[in-house]
Amino acid sequence: MRRLFPVTDATADPAGREWDLAELAEAYAYPEPGPGERVAWLRANMVSTLDGAAQHDGKSQPISNATDMRIFGTLRALADVVVVGAETVRQEGYRPARVRAEFAARREAAGQGPVPAIAVVSAGLDLDFSLPLYTSPVVPTLILTGASAAPDRVAAAEKAGARVVVAGDGVGVEPARTVRELAALGHTRLLTEGGPRLLGQLVAAGVLDELCLTVSPMLTAGGAQRIAGGPGVAVPQRFGLASLLEEDGFLFSRYRRS
């Protein structure tokens, strides 16, 4: 892998090489908030083909590669919480975050627990609470839902060991309130892995701070979703390029709110 941006004399490496996990962790470290800045920082991690597909046959794995997965794991290891939509949990077969010995010292120094919590966004709580994601995580899985969620489903989630967090006054969650509620629990390094519907809601609400986007050198055609769906924004939001890495035709970009 080689860095395309930003490049200085100290970071220039035209031949490319495999980066170790410590280097990836430094490259993707969360920013330290300055005076007056928001405490919580929400980043998204997504992958897209050249023609804009976020999935193939309903999953992201076919358009990914080994380095993309190493970055995926690194971003998880840096986060306090991973926010994900219920449909993505079902399609991708989500399991609890696992302890990574390579990041244990870094997480301890940052005052983090052994793994990030998984926070599932669900209005209807149509979830299989018998799965390991809910019954046997290292830290309790969070369920983000609205105040109008069915009481019996809330009870089922809590019985399985999940923690239900109300982040909306109606049926669904409100993106800005989701960020506030997670920050109130001490989760200020936020990561979302989508899916497209959830990411679209976060973009429309203006709460996304950073996008880590892998551009896969593949073409799929078809009707696959983009990385963000749902209603559009009135005025396109401008993000600035923070870094760009390349390996084997894959581009690993990171954009931050301008």
Side-chain angles (χ1 to χ4, degrees), residues 1 3-7 11 19 21 23-48 52 54 60 64 67-85 88 97 103 106-107 110 112 116-119 121 144 173 175-183 186-216 226-230 232-233 235-246 250-258:
M1 186 159 59
R3 187 192 302 270
L4 301 181
F5 179 86
V7 176
T11 61
W19 288 25
L21 293 178
E23 289 176 298
L24 287 176
E26 287 299 322
Y28 285 94
Y30 279 82
E32 292 295 330
E37 292 184 345
R38 289 183 297 172
V39 174
W41 184 269
L42 174 61
R43 68 167 33 144
N45 181 35
M46 302 292 285
V47 59
S48 170
S60 59
S64 179
T67 298
D68 182 47
M69 295 309 299
R70 291 180 76 230
I71 292 174
F72 173 93
T74 299
L75 293 179
R76 277 197 166 196
L78 296 174
D80 297 329
V81 61
V82 178
V83 186
V84 63
T88 297
F103 295 100
R106 188 181 187 98
R107 291 189 65 86
Q112 297 173 296
I118 305 295
V121 177
L144 297 165
V173 304
R177 183 169 170 183
T178 294
V179 173
R180 292 196 303 270
E181 294 291 344
L182 290 173
H187 302 314
T188 57
R189 304 173 186 88
L190 280 62
L191 170 67
T192 181
E193 297 168 351
R197 181 180 176 185
L198 175 60
L199 181 56
Q201 293 171 343
L202 298 172
V203 170
V207 297
L208 187 69
D209 297 297
E210 180 178 325
L211 173 63
C212 298
L213 176 64
T214 295
V215 180
S216 171
R226 298 161 47 198
I227 65 168
V233 296
V235 179
Q237 300 173 17
R238 181 65 184 265
F239 276 51
L241 182 64
S243 69
L244 183 62
L245 309 174
E246 184 275 337
F250 282 78
L251 295 176
F252 307 99
S253 66
R254 187 162 55 97
Y255 288 86
R256 289 183 175 178
R257 182 195 301 274
S258 298

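Note that the numbering runs from 1 along the sequence shown for the chain.
Taking Arg180 as the reference, Ala176, Arg177 meet the side chain to side chain contact (heavy atoms under 4.5 Å, CB included) condition, with sequence neighbours excluded. Partners of Ala97 according to the side chain to side chain contact (heavy atoms under 4.5 Å, CB included) rule, which considers only residues two or more places apart in sequence or in another chain, are Arg76, Val115, Pro116, Ile118. Under the rule for a side chain to side chain contact (heavy atoms under 4.5 Å, CB included), the partners of Ala77 that lie at least two apart in sequence or sit in another chain are Phe103.
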| request: Could you walk me through whether Met1 and Leu24 pass side-chain contact (heavy atoms from CB on, under 4.5 Å), step by step? | output: CA-CA 11 Å; Met1 186 159 59; Leu24 287 176; 3.6 Å; yes
| request: Determine, stepwise, if the pair Met46 / Arg226 fulfils side-chain contact (heavy atoms from CB on, under 4.5 Å). | output: CA-CA 10 Å; Met46 302 292 285; Arg226 298 161 47 198; over 6 Å; no
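Side-chain contact between Pro31 and Arg256: present, with at least one pair of heavy atoms (C-beta onward) separated by less than 4.5 Å. At least one side-chain heavy atom of Leu213 sits under 4.5 Å from a side-chain heavy atom of Ser48. By the 4.5 Å heavy-atom criterion applied to side chains, Ile71 and Cys212 are not counted as neighbours. With contacts defined as side-chain heavy-atom distances shorter than 4.5 Å, the pair Val83/Leu202 does not qualify. At a threshold of 4.5 Å between non-hydrogen side-chain atoms, the residues Arg43 and Leu78 count as touching. Contact annotation: the side chain of Arg3 approaches that of Trp19 to within less than 4.5 Å [non-hydrogen atoms, C-beta and beyond]. At a threshold of 4.5 Å between non-hydrogen side-chain atoms, the residues Thr88 and Glu193 do not count as touching. In this structure, Pro6 and Ser243 have side chains that are in contact, with non-hydrogen atoms separated by less than 4.5 Å.
Here the CD1-CG distance, from Ile227 to Asn45, works out to 10.0 Å after rounding to the nearest 0.5 Å. Remark: Trp41 CH2 to Leu208 CG distance equals 9.0 Å, nearest 0.5 Å. Residue Asp80 holds its CG atom at 5.0 Å from CZ of Arg189, rounded to the nearest 0.5 Å. Distance check: Tyr255 OH to Gln237 CD gives 15.0 Å after rounding to the nearest 0.5 Å. Taking OG1 of Thr214 as the start and CE of Met69 as the end, the distance is 10.0 Å to the nearest 0.5 Å.
Closest heavy-atom contact between Gly85 and Leu198: N-CD2, 3.5 Å. When all heavy atoms of Tyr30 and Ala79 are compared, the pair lying nearest together is OH-CB, 3.7 Å. Closest non-hydrogen pair, Ala40 versus Asp209, comes out as O-OD2, 3.9 Å. Listed here is the closest heavy atom pair of Pro175 and Val207: CB-CG2, 4.1 Å. Taking every heavy atom of both residues into account, Leu241 and Ser253 meet most closely at CD1-CB, 4.5 Å.
Among Leu244, Thr67, Val47, the one residue that satisfies the side-chain contact (heavy atoms from CB on, under 4.5 Å) test with Phe252 is Thr67. The residue from Leu144, Leu42, Thr188 that alone fulfils the side-chain contact (heavy atoms from CB on, under 4.5 Å) condition with Leu182 is Leu144.
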